[in-house]
Amino acid sequence: MAKYEMVVGLETHVELSTKTKIFCGCTTAFGAKPNTNCCPICIGLPGTLPKLNRQVVHYAIKAGLATHCNIAEDARMDRKNYVYPDLPKAYQISQYDKPLCYGGYITLRSGKKIRITRIHIEEDAGKLVHDRGDTYVDYNRGGVPLIEIVSEPDIRSIEEAREYLENLQLIMKYIGVSDCKMQEGSLRCDVNLSLRPVGSDEMGTRAEIKNMNSFSNMEKAMQYEYERQAELLDNGEAVEQETRRFDVGSGCTESMRGKEDAQDYRYFREPDLVPIHTSPQTIQQLLQQLPELPDSRTKRYLEYGIAPADVASLVKYQAVARYFDEACQGVENPKTVSNLIVGQLFRRMPTDEEKETCTVAEKTAPAQLRELVQLLESGKIRMNLAKTTLETMLDTGKSPSQLLSAEDLSQVDDTALTEICRQVIADNPGNVADFLGGKEKALQPLIGAVMRATKGKADAKTAQKLLRELMACAQ
Amino acid sequence: MVTKEEILKIANLSKIYVSEDELESLTHDMAQIIAFADTVNAVSAGTQEFEGISGRSNILREDEVIPSYPREEILKNVGGGEDGYFPVKKKN
C-alpha cells in the first residue's frame with residue numbers, strides 16, 4: 001500500500017473557437033504565416049484600446065453553465081503584469097478577483113465530484129520560436145481568447161486527473177466553445193501536486209507543473225512528480241513550493257523558479273474596459289442554447305440497457321451520439337442500433353477524426369439504419385442478413401428497401417423451414433450419419449446448408465431444433 | 001515606509017535598471033505617491049465598487065473578422081523583423 005496520497009488541482013486553459021480575438025477583430029485561424037493575423041491592438045501598440053468580444057463572454061458563461069457554475073452578476077477585467085517577450089503589452093488582460101463563473105463541478109464515473117473553483121476569460125500570449133539560441137516571436141496567437149478553468153485540489157490519482165480532463169474536454173466540445181485539440185494547444189493544463197501521508201487531512205507543499213499538452217505527458221509528469229516528492233519526504237526533506245517544467249525527452253520535471261522568484265503580478269483593474277454585468281435573462285438564453293450534455297446522455301443510454309463500454313464510445317463522439325439518437329427514433333430496442341454502430345459503422349471510421357464528424361452519415365443516413373433495424377425487429381429479416389445488408393448499404397449508400405428483394409423480405413414460415421430441413425437431411429447422408437454416430441460437430445454443416453437454402457432468413461436456433469427432431473425421427 | 005529594497009524589487013519586476021544615484025530620490029518619490037494614495041483611500045466612497053468613470057457596463061463588440069494589418073506594417077518598428085518574426089534582443 002502506498003505511503004502517500006497525491007493531492008492535485010488542475011488549471012486548464014481552453015482556447016475558445018470564436019472567429020476573432022478577444023479584444024480586436026483579427027482572425028483566430030490556426031496555421032497562418034507568422035504575424036499576419038495581427039493589428040496594433042494585439043501587438044500592444046501604445047494608444048490602442050481593447051474592445052471585448054461578446055462571443056467570448058457568452059462562450060465562457062456557457063462553459064460555466066455546463067459545469068454547474070454560478071455566473072457572476074458583476075465581473076471585472078484585470079491586468080496581470082509580467083515582462084516576457086510573448087506578451088507585447090507587458091501585461092495580460094485577465095480576471096483576478098471577479099471572474100465570470102465560480103463554484104461548479106465535474107462528476108467522475110465513480111460519482112465523485114471534482115469541484116471547479118472558477119472560470120475566467122483572458123487573452124493568450126504570442127508564440128516564441130527558438131532557433132539556434134535566438135528567439136523570435138509570432139503574435140498570431142496573441143489575443144486569442146482563453147478560458148482558464150481552475151479546479152479545487154480534489155483529485156487524488158492520475159486516473160482521476162485523466163478522467164476529469166477528458167470530461168472537461170468532452171463538455172467543451174459538446175457545447176461548441178472549443179475544439180479542444182491538445183496537439184494544437186487549444187487545450188493545455190497546469191498540474192498542482194502535493195503529497196501527504198495516507199489518512200492525513202493536511203495539505204502538503206505543492207509544486208506546479210506548467211503546460212501539459214497531452215494526456216500522456218500529464219500522466220508521466222504526475223508520476224515523476226509523485227516519486228520525486230515521495231523520495232524527498234522519505235528522506236525527511238521538505239518539498240519546495242515552486243514552478244516546474246516537464247521535459248518530454250527525459251520524462252523528468254525540473255525547477256523553473258522557486259518561491260523566492262515567485263511572480264508578483266501586481267494585479268489591478270483594467271482601466272480600459274468596463275464591468276461585465278450578466279442578467280438572469282442572458283443566463284436563461286444561454287442555458288437554452290446548451291445541447292444535451294455527456295452526463296445526461298450517458299445516463300440515458302445506460303437506461304437503454306447498452307453496455308457501459310459501448311455507451312462510452314457512443315457518447316465520446318457527439319456526432320455519433322446524434323446519429324444514434326436519430327436512428328433510434330421509433331425503434332423498439334436501441335441496443336440493436338448501438339450494436340450495429342459499434343460493431344459495423346465504427347469499422348468504417350477507424351480514426352477519432354472520422355468519428356468526430358461521423359463520416360458514415362454521408363453515405364448512410366440514420367433513417368436508413370433505422371429502416372434496417374425495423375425490418376429486423378418486425379422479423380422480416382434475420383440478423384445475419386441485416387449485417388450483410390448493412391455492409392452493402394455502407395458501400396453503396398443505398399437503403400434497405402433498394403437492396404432487399406421481395407424474396408429476401410418474405411418470411412420463412414415453419415412449414416417451409418421443415419421442408420427445407422428435410423431436403424438438407426436427404427442431401428447430406430454423410431453428415432447425418434456422423435451426427436447420429438455421436439459427432440455433435442456434424443450438425444454445423446447442416447445448419448449452414450439450411451441457412452444457404454433460405455438465404456440467411458431462417459432463424460438458426462429454430463433450424464437447429466428442427467434438424468435434431470427430424471434426424472431423431474428418421475433414426 | 002518605502003525601502004530601497006522594495007524599489008529595487010519593483011524595478012526588477014518592471015525590467016528597469018535603477019542606478020545607485022537614482023535610488024534615493026525614487027524611494028522618496030514613491031513614499032510620497034503612496035502617501036497620496038493613502039489620502040485618497042481615506043475618503044469614504046461607500047461599499048459599492050467603482051463602476052468606472054462612464055458608469056457603463058457591457059460595452060461589447062460582435063465577433064466579426066476585420067482584416068489584419070499587412071505584415072510589413074506590423075514589423076515596421078522592429079526594422080522589418082526577421083523572416084516575418086519579431087526578433088528578441090538578447091540580454092547583454
Side-chain angles (χ1 to χ4, degrees), chain A residues 18-20 23-29 32-40 42-43 45 50-59 74 76 81-83 85-86 88 90 98 126 128-131 133-140 261 263-266 269 271 273-279 282, chain B residues 2-3 5-18 30 33-34 37 40-41 45-92:
Chain A
T18 53
K19 294 197 213 59
T20 67
F23 300 123
C24 66
C26 288
T27 176
T28 54
K33 283 187 182 160
N35 296 305
T36 53
N37 297 344
C38 296
C39 76
C42 57
I43 60 167
L45 292 189
K51 205 166 173 197
L52 184 56
N53 183 341
R54 182 190 307 276
Q55 191 73 292
V56 171
V57 177
H58 286 184
Y59 277 1
D74 178 26
R76 304 292 172 113
N81 297 279
Y82 66 93
V83 177
D86 63 3
K98 294 205 161 185
L128 296 182
V129 180
H130 303 282
D131 182 43
D134 289 321
T135 302
Y136 300 90
V137 202
D138 170 10
Y139 287 120
N140 282 348
D261 5 82
Q263 288 283 344
D264 177 347
Y265 293 120
R266 294 157 294 145
R269 288 275 179 264
L273 289 164
V274 298
I276 306 163
H277 292 166
T278 307
S279 67
T282 305
Chain B
V2 179
T3 65
E5 288 69 35
E6 283 169 325
I7 295 299
L8 285 172
K9 188 186 174 199
I10 295 165
N12 182 43
L13 285 168
S14 314
K15 302 277 192 275
I16 294 169
Y17 173 72
V18 174
M30 188 61 93
I33 291 166
I34 288 175
V40 174
N41 271 343
T47 49
Q48 278 277 321
E49 193 184 339
F50 183 52
E51 289 278 316
I53 293 170
S54 66
R56 294 175 66 187
S57 61
N58 298 348
I59 301 180
L60 299 166
R61 172 177 64 79
E62 296 311 315
D63 187 24
E64 284 157 11
V65 177
I66 295 169
S68 296
Y69 276 51
R71 186 157 69 184
E72 311 83 78
E73 291 288 317
I74 292 296
L75 294 171
K76 212 151 107 182
N77 293 326
V78 285
E82 281 178 37
D83 295 329
Y85 288 92
F86 286 83
V88 179
K89 237 185 172 174
K90 277 211 196 109
K91 253 192 191 169
N92 297 319

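The sequence lines fix the lettering, A, B, ..., with proteins before strands; numbering per chain opens at 1.
- Between chain B and the options Lys33(A), Arg76(A), Lys51(A), the largest number of non-hydrogen pairs under 4.5 Å is found for Arg76(A).
- From Arg56(B), atom CZ reaches atom NE2 of His277(A) across 13.0 Å, with rounding to the nearest 0.5 Å.
- Between the OG atom of Ser57(B) and the CG atom of Asp74(A) there is a distance of 8.5 Å, given to the nearest 0.5 Å.
- Looking at Tyr82(A), there are no atoms closer than 4.5 Å to chain B (heavy atoms on both sides), in backbone or side chain.
- Atoms CG and CG, from Asn81(A) and Leu13(B) in turn, are 9.0 Å apart once rounded to the nearest 0.5 Å.
- Of the two parts of Pro85(A), only the side chain, counted from C-beta on, holds a non-hydrogen atom closer than 4.5 Å to a non-hydrogen atom of chain B.
- Per-residue heavy-atom pair counts under 4.5 Å with chain B were compared for Cys39(A), Cys26(A), Cys38(A), and the maximum is reached by Cys38(A).
- Under the 4.5 Å side-chain criterion, counting only non-hydrogen atoms from C-beta, Lys19(A) is not in contact with Glu64(B).
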### Query
Can you list the steps and then say if Asn58(B) with Ile276(A) is a side chain to side chain contact (heavy atoms under 4.5 Å, CB included)?
CA-CA 5 Å; Asn58(B) 298 348; Ile276(A) 306 163; 3.8 Å; yes
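- For chain B, the nearby part of Val57(A) is the side chain; its heavy atoms alone come within less than 4.5 Å.
- Here the shortest heavy-atom pairing between Pro34(A) and Arg71(B) reads O-NH1, 2.6 Å.
- Of the atoms belonging to Cys24(A), it is backbone heavy atoms, and not side-chain ones, that fall under 4.5 Å from chain B.
- With rounding to the nearest 0.5 Å, the separation of OG1 in Thr18(A) from CG in Asp63(B) is 5.0 Å.
- Per-residue heavy-atom pair counts under 4.5 Å with chain B were compared for Asn35(A), Val83(A), Thr135(A), and the maximum is reached by Asn35(A).
- Contacts between Ser54(B) and chain A at a heavy-atom distance below 4.5 Å involve the side chain alone, from C-beta outward.
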Acceptor/donor pairs from residues 72-86 of chain B side chains to any protein atom, 3.5 angstrom cut, sequence neighbours excluded:
{"residue": "Glu82(B)", "atom": "OE1", "partner": "Tyr136(A)", "partner atom": "OH", "Å": "3.2"}

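- Heavy atoms of Leu273(A) lying under 4.5 Å from chain B are absent altogether.
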